**Q** 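Below you will find the structure I want to go over with you.
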Amino acid sequence: MTGERDLDALLRNMKPELLDGTFVFCTIPPNEPVPAAVNPLLTFREQEGTTLVILREEAEASGLRYAFASRLITLTVHSALDAVGFLAAVTARLAEAGISVNAVSAFHHDHLFVPADRADEAMAVLRAMSAAK
């Protein structure tokens, strides 16, 4: 199945979904194995180290330092990887509301990590944005 490319259709059909749990960003040194006790939602290797996005409980239980306690919002529309402007429109609207966001694009959907204490507000902004299309 091919993902959607039309910006209006993407915005109209994005149907944001707030996932359970509080996620945090951790880093481990390059080439160090991921601790066996954690199950990362996201792993990304950078020159400075490997970023792990994991549940806060896993970070605390493993003794990992972390930053950015966030909630995960999935935009459930199947967006094409080469769609133009979708994340720009979404993140710009959240920025207007003063809500920071770390966006991740996966094969089927786009995902937004927003501050845990602003997740409900972010959902309201996204729902209003979708309803306006």
Side-chain angles (χ1 to χ4, degrees):
M1 170 162 46
T2 305
E4 181 63 62
R5 287 182 180 83
D6 179 78
L7 181 57
D8 286 334
L10 286 165
L11 294 171
R12 182 176 56 252
N13 297 314
M14 67 178 162
K15 296 181 183 70
E17 181 178 294
L18 182 63
L19 279 71
D20 290 332
T22 299
F23 291 89
V24 295
F25 288 67
C26 304
T27 187
I28 58 175
N31 301 317
E32 182 175 303
V34 175
V38 301
N39 183 26
L41 177 67
L42 173 70
T43 304
F44 196 93
R45 289 185 199 97
E46 297 179 282
Q47 184 175 358
E48 300 85 357
T50 301
T51 297
L52 306 173
V53 178
I54 61 178
L55 288 167
R56 180 170 49 198
E57 295 80 16
E58 289 182 3
E60 291 172 348
S62 298
L64 293 171
R65 291 186 2 211
Y66 61 84
F68 195 60
S70 57
R71 297 288 306 276
L72 175 56
I73 299 172
T74 294
L75 305 177
T76 62
V77 64
H78 182 184
S79 55
L81 289 167
D82 60 352
V84 176
F86 181 44
L87 280 178
V90 168
T91 58
R93 187 66 60 91
L94 290 170
E96 287 173 12
I99 301 171
S100 65
V101 61
N102 284 286
V104 176
S105 295
F107 192 87
H108 296 284
H109 306 290
D110 294 290
H111 308 273
L112 310 173
F113 292 93
V114 299
D117 62 346
R118 307 276 315 264
D120 291 335
E121 185 181 352
M123 286 292 292
V125 167
L126 296 168
R127 286 183 183 130
M129 193 175 176
S130 181
K133 286 292 167 187

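Nothing fancy with the numbering, it's 1 onward along the sequence. Here the structure is a predicted model, which means the values were calculated and not measured.
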**Q** Who passes salt bridge (Lys or Arg N to Asp or Glu O under 4.0 Å) against Glu60, sequence neighbours left out?
**A** none

**Q** What's the separation between atom CZ in Arg127 and atom NZ in Lys15, rounded to the nearest 0.5 Å?
**A** 12.5 Å

**Q** Starting at NE2 of His109, measure out to CD1 of Ile73 and round the result to the nearest 0.5 Å.
**A** 15.0 Å

**Q** Drop me the distance from Phe68's CZ to Phe113's CZ, to the nearest 0.5 angstrom.
**A** 9.0 Å

**Q** How close do Pro35 and Leu64 get, heavy atom to heavy atom, and via which atoms?
**A** CG-CD1, 4.3 Å

**Q** Contact between Gln47 and Pro30 at the side-chain level, heavy atoms closer than 4.5 Å - yes or no?
**A** no

**Q** First locate atom CG of Leu19, then atom NE2 of His111, and finally report the distance between them rounded to the nearest 0.5 Å.
**A** 8.5 Å

**Q** Tell me the closest heavy-atom pair linking Leu112 and Ala103, and the distance in Å.
**A** CD2-CB, 3.9 Å

**Q** Below 4.5 Å, heavy atoms only, C-beta onward: do Phe86 and Val77 meet side chain to side chain?
**A** yes

**Q** With no hydrogens and no angle check, is any side-chain donor or acceptor of Ser62 less than 3.5 Å from a backbone partner on Ala37?
**A** no

**Q** If we ignore hydrogens and angles and just use 3.5 Å, is the side chain of Thr76 paired with the main-chain N or O of Pro16 as donor and acceptor?
**A** no

**Q** Shared ILVMFWY cluster between Leu94 and Leu87, side chains joined below 4.5 angstrom?
**A** yes

**Q** Ignoring hydrogens and angles, tell me if any N or O in the side chain of Ser70 forms a donor-acceptor pair with the backbone of Ala116 under 3.5 Å.
**A** no

**Q** With the side chain counted from C-beta on, respond yes when Thr50 and Glu32 share a heavy-atom pair under 4.5 Å apart, and no when they do not.
**A** no

**Q** With a 4.5 Å heavy-atom cut-off, do Glu4 and Asn13 have their side chains touching?
**A** no

**Q** Please say yes or no: joined through hydrophobic side-chain contacts below 4.5 Å, possibly via intermediate residues, are Val101 and Val104 part of one cluster?
**A** no

**Q** Would a single hydrophobic cluster contain both Met129 and Leu18, if residues Ile, Leu, Val, Met, Phe, Trp and Tyr are joined by side-chain heavy-atom contacts under 4.5 Å?
**A** yes

**Q** Contact between Ile54 and Val24 at the side-chain level, heavy atoms closer than 4.5 Å - yes or no?
**A** yes

**Q** Quick check: do Pro40 and Val38 have side-chain heavy atoms less than 4.5 Å from each other?
**A** yes

**Q** Can you tell me how far apart CZ (Phe23) and CD (Glu57) are? Round to the nearest 0.5 Å.
**A** 9.0 Å

**Q** Any side-chain heavy atom of Thr27 within less than 4.5 Å of one from Glu48?
**A** no

**Q** Find the distance between CG (Leu10) and CG (Leu75) and round it off to the nearest 0.5 Å.
**A** 9.5 Å

**Q** Is there a path of hydrophobic side-chain contacts, each under 4.5 Å between heavy atoms, that joins Tyr66 and Leu42?
**A** no

**Q** Checking Arg71 now: which residues fulfil salt bridge (Lys or Arg N to Asp or Glu O under 4.0 Å) with it, not counting sequence neighbours?
**A** none

**Q** Taking side chain to side chain donor-acceptor pair (under 3.5 Å) as the cut-off, I'd like each qualifying pair that reaches into residues 79-104, sequence neighbours left out, listed once.
**A** Arg5-Asp82, Ser79-Asp110

**Q** Between Glu58 and Asn39 (side chain of the first, backbone of the second, donor and acceptor by atom type, cut-off under 3.5 Å), is there such a pair?
**A** yes

**Q** Grouping I, L, V, M, F, W and Y whenever their side-chain heavy atoms are under 4.5 Å apart, do Leu55 and Leu72 come out in a common cluster?
**A** yes

**Q** Would you indicate whether Asp6, at its atom CG, is surrounded by more than 12 heavy atoms from other residues, nucleotides or ligands within a distance under 6.0 Å?
**A** yes

